Protein chains: 2
Amino acid sequence: MKRPTIADVAQRAGVSKGAVSYALNGQPGVSEATRQRILAIATEIGFSRSSAARALSAATAGAIGLALCRPARTLGVEPFFMALISGVEAELSSRSYALTLQVVADPDAEIAVYRRWWGERRVDGVLVCDLRTDDSRIPALEQLQLPAVVIGGPGGTGELASLWSDDAAALTETVEYLVALGHRRIARVAGLPDLRHTEIRTEAFAAVCRRLGLVDAVTVWSDYTGEEGGRATRRLLSSANRPTAVVYDNDVMAIAGLSVAQEMGLTVPGDLSIVAWDDSPLCRLVHPPLTALGRDIPAYGAHAARQLLAVVAGQPAGRVQDETPHLTPRGSTAPPRVR
Amino acid sequence: MKRPTIADVAQRAGVSKGAVSYALNGQPGVSEATRQRILAIATEIGFSRSSAARALSAATAGAIGLALCRPARTLGVEPFFMALISGVEAELSSRSYALTLQVVADPDAEIAVYRRWWGERRVDGVLVCDLRTDDSRIPALEQLQLPAVVIGGPGGTGELASLWSDDAAALTETVEYLVALGHRRIARVAGLPDLRHTEIRTEAFAAVCRRLGLVDAVTVWSDYTGEEGGRATRRLLSSANRPTAVVYDNDVMAIAGLSVAQEMGLTVPGDLSIVAWDDSPLCRLVHPPLTALGRDIPAYGAHAARQLLAVVAGQPAGRVQDETPHLTPRGSTAPPRVR
DNA sequence: CTGAAAGCGCTTACAG
DNA sequence: CTGAAAGCGCTTACAG
């Protein structure tokens with residue numbers, strides 16, 4: 001099947017290629033009647049502009065890039081990324097932008113991808129995930145002047161645009177809720193320590209525990225996998241002065257923690273309260289369903305995409321705050337049973 | 001930062017743009033010494049070819065497309081797609097191909113996306129997921145002559161290339177295993193009925209149950225969500241002659257089923273054995289860990305990508321069989337407790 | 001082995 | 001409001 005070109009449309013319409021281009025782009029230069037006729041013909045013969053030709057002459061790729069830097073096994077299990085991507089996608093496709101995805105092994109590889117994308121003019125901008133402490137990707141992107149929106153912060157995003165949510169407030173609210181239930185020994189199973197949001201949560205956790213006088217507050221580090229989350233839980237629950245509540249940095253670890261508690265003969269929430277971060281459907285899959293900190297992830301992705309498109313269009317890079325995660329209490333939290 | 005072009009490289013090397021192009025493409029037309037010098041200069045000044053210019057002149061997009069047709073909520077929870085994508089990605093990026101992703105609402109929207117991608121020359125080929133019974137995407141792709149590999153089958157893939165795994169054999173093995181344990185009342189919670197692989201599994205289930213004389217074998221339909229999977233399980237377990245074993249079409253429904261069983265006071269595996277399809281890390285997250293039918297999904301994705309690239313390169317469309325899912329027995333299956 | 005030139009399909013000043 | 005033409009950055013026959 002031969003692909004129709006702009007010349008085919010022009011010929012059919014009896015106008016020049018330039019006129020067709022103006023009509024397609026909604027620019028002045030053609031009368032409204034002509035524009036309508038041209039558009040009708042384009043639709044009729046199933047014409048779509050070559051993205052390559054368009055990119056070459058208009059110097060716009062019509063695509064944005066997302067590089068995911070996590071090992072394949074973590075990527076698969078956490079619903080977070082798919083939810084984010086579906087939101088990004090919804091926003092992009094409504095504006096006829098494509099999403100180019102790449103899985104990378106580490107931040108250096110990710111920088112190399114950005115450099116290549118920039119050189120190839122393959123994307124108009126990128127969405128940056130998993131902001132780290134002292135993140136080498138930030139200066140690299142600034143140097144390339146590749147439009148970018150960092151999903152993360154606040155802080156550590158340099159001159160780049162960013163979209164962040166107030167994890168500190170969410171964590172503080174959670175601890176206050178647990179304390180209100182009567183908990184005094186609260187532990188936290190954190191994600192990777194070099195991620196910026198882990199750091200933010202860790203600081204907030206320390207601050208609220210200090211303020212509320214929780215001396216036994218302990219944070220243990222993990223890597224978001226169920227395996228590690230389970231192991232960390234086993235360690236916490238085996239300690240002499242075991243916690244009566246644990247807050248997990250993602251849902252997968254929380255589910256693993258629940259299963260470890262049950263395996264050790266503890267009742268949830270009687271002996272142990274559990275709170276998960278990221279309220280995916282997984283939290284409602286288990287018994288008891290997990291109390292979780294959640295927010296609308298697809299909306300977050302859509303928001304980031306919209307912001308990136310604005311930056312691509314030349315608007316100044318801003319630091320935008322998204323919805324704060326809110327706590328949905330379910331069956332996994334209750335007052336601690338006296339022992 | 002100004003992006004270097006092929007002309008910059010040519011000038012630095014003191015050769016023509018054509019020579020640089022030949023050197024970059026590994027084609028004859030330049031001496032080995034010149035080629036090395038050109039490549040060194042290209043690396044030195046950080047040159048990458050414009051994907052747009054390349055696509056326009058070489059008529060190759062350097063990208064393949066993947067349209068995902070599932071509601072956002074299902075997409076997020078099932079680890080299957082992320083695992084598949086990571087495998088696809090690994091194969092593509094090793095060959096410098098990009099992956100263009102799009103989430104669509106239904107098959108018609110998906111066909112529209114294919115048509116647009118084709119018109120825009122945005123992708124060189126597509127990977128087709130979730131093959132349906134009498135799938136309208138197949139004739140549409142055949143008509144467009146857009147290179148494609150259908151992930152699914154056997155059967156129903158028209159003249160297109162396809163990659164399939166023998167789900168019938170896997171399900172048969174599973175039922176035989178359960179019968180060997182002593183189960184006689186086996187139920188199956190199936191995925192969406194119009195998916196080709198659901199149909200294949202349903203037929204295989206009916207066949208093996210007939211062969212082994214299991215008169216109480218029952219299949220109930222669901223939609224892959226935990227919610228529906230849980231509901232289906234509740235229905236099954238409330239029936240007078242409730243099954244002693246249930247096979248689920250994905251891991252999410254199996255986990256929901258486990259939780260429903262526990263909530264109804266049944267012991268797994270004592271009162272009920274559970275088998276999950278798709279052996280993701282989720283299966284090892286719960287207690288007891290789930291016996292599951294699994295295979296290497298990233299490898300499956302990589303295999304499909306490799307096959308698509310071959311089709312794009314002009315090789316004939318074949319029907320390739322991938323690894324058959326194998327059963328990994330864990331704590332959720334045992335001989336039925338006599339009652 | 002190398003160079004000059006046409007062409008891929010658009011966009012966009014520039015004249016009319 | 002419209003047309004003719006240059007140009008985006010490559011690839012690829014075609015001469016030398």
Side-chain angles (χ1 to χ4, degrees), chain A residues 1-39 41-42 45-63 96 98 116-124, chain B residues 2-39 41-42 45-63 96 116-124:
Chain A
M1 219 168 144
K2 170 87 172 50
R3 292 179 175 87
T5 72
I6 204 171
D8 298 322
V9 180
Q11 195 194 336
R12 284 246 201 173
V15 297
S16 69
K17 292 192 299 175
V20 175
S21 180
Y22 291 137
L24 256 25
N25 290 315
Q27 292 198 354
V30 285
S31 67
E32 193 48 37
T34 312
R35 184 192 307 281
Q36 292 305 335
R37 194 159 49 86
I38 290 174
L39 292 179
I41 290 173
I45 68 174
F47 168 75
S48 303
R49 283 173 291 190
S50 154
S51 56
R54 206 166 174 220
L56 189 56
S57 52
T60 166
S96 298
R116 183 163 56 72
W117 278 348
W118 173 83
E120 293 179 347
R121 300 145 178 81
R122 195 178 274 279
V123 300
D124 294 320
Chain B
K2 170 89 170 52
R3 292 181 175 87
T5 71
I6 204 170
D8 299 320
V9 179
Q11 196 195 336
R12 283 247 201 171
V15 297
S16 70
K17 293 192 299 174
V20 175
S21 180
Y22 291 138
L24 256 25
N25 290 315
Q27 291 197 355
V30 284
S31 68
E32 193 49 37
T34 311
R35 183 192 308 280
Q36 292 306 334
R37 194 158 50 84
I38 290 173
L39 292 179
I41 290 173
I45 67 176
F47 168 75
S48 301
R49 282 172 291 189
S50 154
S51 56
R54 208 165 173 223
L56 189 55
S57 52
T60 163
S96 297
R116 183 164 54 74
W117 277 349
W118 173 83
E120 293 180 345
R121 299 145 179 80
R122 196 179 274 279
V123 301
D124 293 320

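What you are looking at is a predicted structure, and each value in this text was computed from that prediction instead of being measured. Throughout, a chain's letter reflects where its sequence line sits, starting with A, and its residues are numbered from 1.
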| said: Run the side-chain hydrogen bond (donor to acceptor under 3.5 Å, both in side chains) test against R37(A) and tell me which residues pass, sequence neighbours left out. | reply: none
| request: Tell me, please, which residues at least two apart from Q11(A) pass side-chain hydrogen bond (donor to acceptor under 3.5 Å, both in side chains). | output: none
| said: Working to the nearest 0.5 angstrom, can you tell me the gap between I41(A) CD1 and F47(A) CZ? | reply: 12.0 Å
Could you give the side-chain donor-acceptor pairs of residues 51-63 of chain B under 3.5 Å, partners two or more places apart or in another chain?
from	atom 1	to	atom 2	distance (Å)
S51(B)	OG	E120(A)	O	3.0
S57(B)	OG	A53(B)	O	2.9
T60(B)	OG1	D124(B)	OD2	3.1

| side-chain contact (heavy atoms from CB on, under 4.5 Å) involving S96(A) - partner list, sequence neighbours excluded | none
| field | Pairing residues for Q27(A) by the side-chain contact (heavy atoms from CB on, under 4.5 Å) criterion, not counting sequence neighbours | value | Y22(A), N25(A)
| task | Identify whether any heavy atom of S16(A) sits under 4.0 Å from a base atom; if not, whether one sits that close to sugar-phosphate; answer base, sugar-phosphate or nothing. | result | base
| remark: Quick tally for nucleotides 8-16 of chain D: nucleotides whose base has a protein heavy atom under 4.0 Å get B, sugar-phosphate-only ones S, the rest -, giving BBBBBB---
| request: Would you mind listing every salt bridge (charged side-chain N to carboxylate O under 4.0 Å, His left out) that reaches into residues 6-22 of chain A, with sequence neighbours excluded? | output: R12(A)-E44(A)
| With sequence neighbours left out, what residues match R121(A) under salt bridge (charged side-chain N to carboxylate O under 4.0 Å, His left out)? | none
| message | Reading 5' to 3' and counting Watson-Crick or G-U wobble pairs with both distances under 3.5 Å, write the dot-bracket notation for DNA chain C, | for bases paired outside the strand. | response | |||.||||||||.|||
| request: Mind calculating the distance between CD (Q11(A)) and P (dT2(D)) to the nearest angstrom? | output: 18 Å
| Euclidean distance, atom CD1 of residue I38(A) to atom P of dC1(D) [Å, nearest integer] | 12 Å
